[in-house]
Amino acid sequence: MRMDDAGVLRKLQLQELEKIRNNAYESSKIYKEQTKAFHNKIISRKEFVVGQKVLLFHSCLKLFPGKLRSRWVGPFIVVKVYAHGAVDIESPKTGKSFKVNGHRLEPFYEGFQSTDIDVMALEPPLVVS
């Protein structure tokens, strides 16, 4: 074993290792971009307007929450919408307003208003013998 040959071999090994590292870096970068694009595609964009009624997700951690108890509280009224996703909401009961993340809000849908109701009289079925 000569020292010059060993040095050349070591340099080649280091270059191969550097290529492998660069390939792994590129692969992880591509994977992260694809994952981010997939995640952003699935996220639903919510747009709120001033005066709209919304429900707030109550995220307090409780040891024994009610099994069938809803974690949504409200309704609240939107007071101001910021460009970065924050929303000022106000409680109509207490009049207090506070700022929350828009991801914690859902639009509040009031019950359907049934104005046109058709009534149809049914006759008993005829028995044929």
Side-chain angles (χ1 to χ4, degrees):
M1 293 187 96
R2 293 191 335 211
M3 288 299 246
D4 294 338
D5 293 340
V8 170
L9 181 64
R10 182 66 177 161
K11 286 180 184 176
L12 288 174
Q13 288 174 345
L14 287 175
Q15 286 177 353
E16 284 187 35
L17 191 62
E18 187 71 19
K19 285 181 186 177
I20 292 171
R21 188 186 69 80
N22 285 338
N23 288 340
Y25 177 76
E26 287 297 320
S27 296
S28 70
K29 186 177 178 182
I30 292 169
Y31 172 76
K32 286 179 184 179
E33 288 172 356
Q34 288 175 346
T35 306
K36 183 177 180 180
F38 177 74
H39 181 263
N40 289 341
K41 184 173 66 172
I42 288 182
I43 290 178
S44 61
R45 304 283 181 223
K46 300 175 193 170
E47 304 219 355
F48 299 105
V49 294
V50 175
Q52 180 181 5
K53 289 186 177 180
V54 294
L55 293 174
L56 175 67
F57 185 74
H58 187 63
S59 59
C60 272
L61 177 66
K62 298 214 175 185
L63 193 55
F64 297 107
K67 187 173 186 179
L68 300 175
R69 191 167 160 222
S70 176
R71 304 213 42 193
W72 295 94
V73 293
F76 295 95
I77 298 173
V78 175
V79 177
K80 185 174 182 181
V81 180
Y82 296 97
H84 52 80
V87 178
D88 274 341
I89 59 174
E90 180 181 278
S91 172
K93 295 177 185 173
T94 61
K96 293 183 180 179
S97 69
F98 46 96
K99 189 183 293 188
V100 296
N101 189 343
H103 293 293
R104 293 179 58 199
L105 298 176
E106 283 289 320
F108 177 71
Y109 298 109
E110 297 187 42
F112 292 107
Q113 303 296 329
S114 55
T115 55
D116 298 331
I117 299 176
D118 294 336
V119 177
M120 182 183 294
L122 299 176
E123 297 177 4
L126 298 173
V127 179
V128 179
S129 20

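- Here the straight-line distance linking atom CD1 of I89 with atom NZ of K99 works out to 12.5 Å at 0.5 Å rounding.
- Checked against side-chain hydrogen bond (donor to acceptor under 3.5 Å, both in side chains), R21 has the following partners two or more places apart in sequence or in another chain: E18.
- Considering CD of E26 and CG of N22, their distance stands at 7.5 Å, rounded to 0.5 Å.
- Both V100 and V54 belong to a single network of hydrophobic side chains, linked directly or stepwise wherever heavy atoms of I, L, V, M, F, W or Y lie under 4.5 Å apart.
- Annotation: salt bridge (charged side-chain N to carboxylate O under 4.0 Å, His left out) contacts of E33 (sequence neighbours excluded): none.
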(message) Under the criterion side-chain contact (heavy atoms from CB on, under 4.5 Å), I'd like the reasoning laid out for L17 against Q13: C-alpha separation, chi angles, the key distance, then a yes or no.
(response) CA-CA 6 Å; L17 191 62; Q13 288 174 345; over 6 Å; no
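- If you take CD1 on I30 and NZ on K32, they are separated by 12.5 Å, rounding to the nearest 0.5 Å.
- V73 and F48 fall within the same hydrophobic cluster, defined by Ile, Leu, Val, Met, Phe, Trp and Tyr side-chain heavy atoms under 4.5 Å apart, directly or through other members.
- Residues P92 and P75 come closest through the heavy atom pair CD-O, 3.4 Å.
- The ring pair (Phe, Tyr, Trp, His ring centres under 6.0 Å) pairs that include a residue from residues 71-109 are F57-W72, F76-F98, Y82-H84, where partners are two or more places apart or lie in different chains.
- Heavy atoms only, all atoms of each residue included: V50 and K80 are closest at CG2-CA, 4.4 Å.
- Closest approach of Q52 and P107 over heavy atoms only: NE2-CB, 3.7 Å.
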(request) Test side-chain contact (heavy atoms from CB on, under 4.5 Å) on R104 and L56 and set out the steps. (result) CA-CA 6 Å; R104 293 179 58 199; L56 175 67; 4.0 Å; yes
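- A distance of 12.5 Å separates CG in D4 from CG in L9, rounded to the nearest 0.5 Å.
- With values rounded to the nearest 0.5 angstrom, Y31 atom OH is found 14.5 Å from K36 atom NZ.
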